[in-house]
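Note sheet for the following structure.
In what follows, every chain begins at residue 1, and chains take the letters A, B, ... in the order their sequences are listed.
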Protein chains: 2
Amino acid sequence: MQADTVDIDRLFHALGDTTRRAILDRLCEGPMSVSTLAEPLGITLTAVAQHLQILESCALVRTEKTGRVRTCRIEPTGFDALDRWIRTHRTLWERRLDRLGAMLAEEDASS
Amino acid sequence: MQADTVDIDRLFHALGDTTRRAILDRLCEGPMSVSTLAEPLGITLTAVAQHLQILESCALVRTEKTGRVRTCRIEPTGFDALDRWIRTHRTLWERRLDRLGAMLAEEDASS
DNA sequence: AAAATAGTCAAGTAAATACTTCAGTAATTC
DNA sequence: GAATTACTGAAGTATTTACTTGACTATTTT
């Protein structure tokens, strides 16, 4: 497993959870504290902090503590990595499907 | 949780596993049987079949049994759903970041 | 300085996940 | 028709995951 693979693993894992996607969606409204973020989620502050650690570990969120308040905001870096993965794989898959299509067309022509 | 959300949950979960991504990558070479697919993975046929069920349940793979052989191939439907999710969210996030940028610019101008 | 607020840390728990083994079944091949 | 091949199904296990509680620290507010 290469270094790059680990990141993609973490990214997909991070995004595979409804609560974490809800946190990301919420952060689209703008930067906010952990408590504010937690309020409508119906889970403990501790749980939210745990989710934030995961989101931060794959560069989907950035947080910064000032005084007693930790402010969270969206970080596009992780998102870019995901986008790159998708683009690469879409290309590979489409190339494959194109080849398949060409093969079928050839079969048709020769029948 | 809406129907759409369930699908995205399953998609990300499916892609968050190294073995399943390896299966997808392998299937770029073309359609192949479960045994052929399993051979270089170093896990049992049963485990591979379980992964395939997951990949099939979110339309990343399509399989078809003829005789005693089940042939697996890539299915772009699930991939399209993922791409849509990414595009939508990229837009939302970028819009937010633009607003932030504008706010910072305004601050600069007024100081 | 006392009380309230915002978050953190450690430990525990229930459920989910990625496997396994072993015993089938159905389709080929010899 | 006997042996082999390709897969399927049920059941079990170790690990991970998403949470919880409760005790703690550090920062504001009063």
Checking Thr36(A) now: which residues fulfil side-chain hydrogen bond (donor to acceptor under 3.5 Å, both in side chains) with it, not counting sequence neighbours? Ser33(A)
So do the side chains of Ile23(A) and Arg21(A) get within less than 4.5 Å of each other, counting heavy atoms only? no
Rounded to the nearest angstrom, tell me the gap between atom CD in Glu39(A) and atom P in dT5(C). 14 Å
Test salt bridge (charged side-chain N to carboxylate O under 4.0 Å, His left out) applied to Arg87(A) - qualifying residues, sequence neighbours left out: Asp83(A)
Can you name the residues that form a side chain to side chain contact (heavy atoms under 4.5 Å, CB included) with Ala49(A), not counting sequence neighbours? none
Excluding sequence neighbours, so at least two apart, what forms side chain to side chain contact (heavy atoms under 4.5 Å, CB included) with Ile54(B)? Ala14(B), Arg20(B)
According to ring pair (Phe, Tyr, Trp, His ring centres under 6.0 Å), who are the partners of His13(A), at least two apart in sequence or on a separate chain? none
Whole angstroms only, please: what is the NZ-P distance between Lys65(B) and dA6(D)? 12 Å
For Thr63(A), give me all partners under side chain to side chain contact (heavy atoms under 4.5 Å, CB included), at least two apart in sequence or on another chain. Glu56(A), Val61(A), Arg70(A), Cys72(A)
Between the protein and nucleotides 27-29 of chain D, which nitrogen or oxygen pairs are less than 3.5 angstrom apart?
unit_1, atom_1, unit_2, atom_2, d
dT27(D), O2, Arg68(A), NH1, 3.1

Which residues pass the salt bridge (charged side-chain N to carboxylate O under 4.0 Å, His left out) test with Arg26(B), sequence neighbours left out? Glu29(B)
The contact string for nucleotides 16-22 of chain D, one letter per nucleotide 5' to 3', using protein heavy atoms under 4.0 Å with B, S and - for base, sugar-phosphate only and none, comes out as -SSBBBB
Rounded interatomic separation in angstrom, taking CZ from Phe12(B) and P from dT17(C): 16 Å
How long is the line joining CD of Gln53(B) and P of dC19(C), in whole Å? 15 Å
